[in-house]
Enquirer: 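Here it is: the structure, laid out below.
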Amino acid sequence: MEMKELRGSRGVLAAVALLIIFIGVTVAFVQLNGNVARGISPEYNRLAHLQQPNSLSAWVYDWRGFDTLIETGVIYVGAVVSVLVIGRGLVRMKQVEGEEPVPQTSLDLKIGSVNAILKYFIFPLVILLAAYGILIVTGAATSGGGGFQCGVVVASAYLIGAVFFGKKNPLNFRRKFLIAIGSFGWALYALLGLPGYLVTGYWQYNVGTDLWSSIAGFPAQIPSILHTIFGDPYRLALVLKGGTFYSTAGIVPLINIGEAFNVIGAICLIFLVFIYGWSDTEEAKA
Amino acid sequence: MVMLFPMMGGEITPIVVGFAIGFLFGTQVYSNVSRRTVVMIICLCIVGASLFQAPVFTWSLIGGYITDGLSFAAPFISATIGILLGWAVRGGK
């Protein structure tokens, strides 16, 4: 992407979004002084230590936002480094501007040389792997994670298609598509912090689940409209011996969707750069 | 016994989201395969959905729950159908 593409409405939108995120996160960090909530891990460990003593889950529940942020950061650093090292087109140094790109050998396979079983099963495998990745992220409401795993599984489907079919990859993610879903994922993940921040002052407070507003000293009550918007879509009935209870994961499944899009965009971009480089002409030939 | 209720948002939303994301990815699928392969994908998808099963807190038929020990991961089926439909509508050969 050239800098001139960021001029106009797209650049204004990006600047406003970054400003909102910067102000929100900065103020939330400043307010942390003496206001760190203990998190849900004590309750989790008290209730579930006999059934599932999973300290990793407790950590993830308490620090969900940081967990996702660091995961995303790692993946994007990998993507940027791959593009810089292998793509060579993103940063155009003056001394190499006139040089031809390194010639790349075609990765096309002759399908006739592929084992007959693979020939018939790789396409279904790619489709079902992608669907499995989507199943993982939609299951985030009943599990501790999902976004990162979904991204890795879908990226695996993309890589398998690339290995067996080369440029005729059935899951033919284009560069623009990957950048678009990666950017959408980032925006969704970051801006989901806004409702919680505006109401409570805590960035990414889970306004759908709202565990803490009933505790004395909590800064705000969450409006019921936010419970409805962010809580009801993922509400589940827990039919237990003691009665029927209702539970919702709130914004966590949405964060996972954002994270999944992030990871799919970043990892597939790494694979794409490894295979095709960062060249418009190479992609156009594909 | 097959139950339609209690059917909560948490049982339907994953199916809708799975279909939407599947459709989005399906628009990027480029392949030229036979109808038999598509039927095979659907059959494998149903087998896979029965192996993955519905989440433990799912109680309705729409959510994939049929009876104890027999349930289907409905989002997996909806995602597969979404991919195939996205491929048919906006994908390529």
Side-chain angles (χ1 to χ4, degrees), chain A residues 120-143 146 150 154 157-158 161 165 167-174 177-178 180-181 184 228 231-240 244-249 253-254 256-257 260-261 264 268 286, chain B residues 3 5-34 36-45 47-49 52 54-60 63 73-84 86-87 91-93:
Chain A
Y120 289 111
F121 277 89
I122 289 300
F123 178 73
L125 176 68
V126 167
I127 299 296
L128 292 174
L129 254 184
Y132 179 61
I134 296 169
L135 169 68
I136 291 173
V137 76
T138 56
T142 48
S143 69
C150 163
V154 173
Y158 175 78
F165 295 102
K167 289 180 178 178
K168 292 175 183 171
N169 188 350
L171 201 57
N172 197 9
F173 290 151
R174 297 301 177 113
F177 177 80
L178 293 174
I181 63 168
F184 174 78
T228 305
D232 285 352
Y234 279 94
R235 195 171 296 284
L236 283 168
L238 314 182
V239 183
L240 305 175
T244 300
F245 303 91
Y246 297 96
S247 164
T248 176
L254 300 175
N256 276 289
I257 290 171
F261 277 29
I264 293 168
C268 290
Chain B
M3 292 169 62
F5 295 100
M7 181 173 62
M8 304 299 294
E11 301 187 28
I12 300 167
T13 307
I15 298 172
V16 176
V17 170
F19 179 82
I21 300 176
F23 190 90
L24 180 69
F25 290 168
T27 61
Q28 303 298 306
V29 172
Y30 290 82
S31 187
N32 187 13
V33 294
S34 64
R36 252 190 316 186
T37 308
V38 174
V39 172
M40 184 174 74
I41 290 172
I42 294 170
C43 293
L44 287 173
C45 157
V47 172
F52 297 141
V56 290
F57 301 132
T58 299
W59 298 97
S60 72
F76 184 68
I77 297 174
S78 73
T80 308
I81 292 171
I83 292 173
L84 294 176
W87 173 35
K93 290 189 174 181

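If you're wondering where the values come from, they're calculated on a predicted model, not measured in any experiment. Letters A, B, ... are given to chains in the order of the sequence lines, protein chains preceding strands, and every chain is numbered from 1. Note: hydrogens, waters and symmetry copies are ignored here, and every other heavy atom, side chains too, is used.
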Enquirer: Is any side-chain heavy atom of B/Phe25 closer than 4.5 Å to a side-chain heavy atom of A/Ile264?
Expert: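 A side-chain contact under 4.5 Å exists here.
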
Enquirer: For B/Ser31 and A/Pro170, which heavy atoms make the closest approach, and how far apart are they?
Expert: CB-CB, 4.1 Å

Enquirer: Could you tell me the separation between the OG1 atom of B/Thr27 and the CZ atom of A/Phe173, rounded to the nearest 0.5 Å?
Expert: 8.5 Å

Enquirer: Report which part of A/Ile257 has an atom under 4.5 Å of a heavy atom belonging to chain B: side chain, backbone, both, or neither.
Expert: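 Contact with chain B: side chain only.
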
Enquirer: Check whether any side-chain heavy atom of B/Val29 lies under 4.5 Å from a side-chain heavy atom of A/Asn172, and answer yes or no.
Expert: no

Enquirer: Please give me the minimum heavy-atom distance between A/Leu135 and B/Phe76, naming the atom from each residue.
Expert: CD1-N, 3.9 Å

Enquirer: If I measure from the heavy atoms of chain B, does A/Phe177 come under 4.5 Å with its side chain, its backbone, both, or neither?
Expert: side chain

Enquirer: Provide the closest heavy-atom pair for B/Pro75 versus A/Thr138 in the form atom of the first, atom of the second, distance.
Expert: CB-OG1, 3.4 Å

Enquirer: Nearest 0.5 angstrom please: A/Ile134 CD1 to B/Ser78 OG, how far?
Expert: 8.0 Å

Enquirer: Between B/Val16, B/Ile15, B/Val17, which has the largest tally of heavy atom pairs under 4.5 Å with chain A?
Expert: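 The answer is B/Val17.
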
Enquirer: Where is the tightest heavy-atom contact between A/Ala130 and B/Ile83, given as atom of each residue plus distance?
Expert: CB-CD1, 3.9 Å

Enquirer: Counting only heavy atoms closer than 4.5 Å, note whether B/Leu24 contacts chain A via side chain, backbone, both or neither.
Expert: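 Contact with chain A involves both backbone and side-chain atoms of B/Leu24.
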
Enquirer: Which pair of heavy atoms, one from B/Gln28 and one from A/Arg174, lies closest together, and at what distance?
Expert: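 Between these two residues, the closest heavy atoms are OE1-N, 3.9 Å.
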
Enquirer: With a 4.5 angstrom heavy-atom cut-off, which part of A/Val126 approaches chain B: side chain, backbone, both or neither?
Expert: neither

Enquirer: Might you confirm whether atom CZ of B/Phe23 has over 12 heavy atoms from other residues, nucleotides or ligands at distances under 6.0 Å?
Expert: yes

Enquirer: Sort out for me which of A/Leu236, A/Ile181, A/Asn169 touches chain B most, counting heavy-atom pairs under 4.5 Å.
Expert: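 Most heavy-atom pairs under 4.5 Å with chain B: A/Leu236.
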
Enquirer: Do side-chain atoms of B/Thr80 reach the backbone of A/Ala131 as a donor and acceptor pair under 3.5 angstrom?
Expert: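 Absent.
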
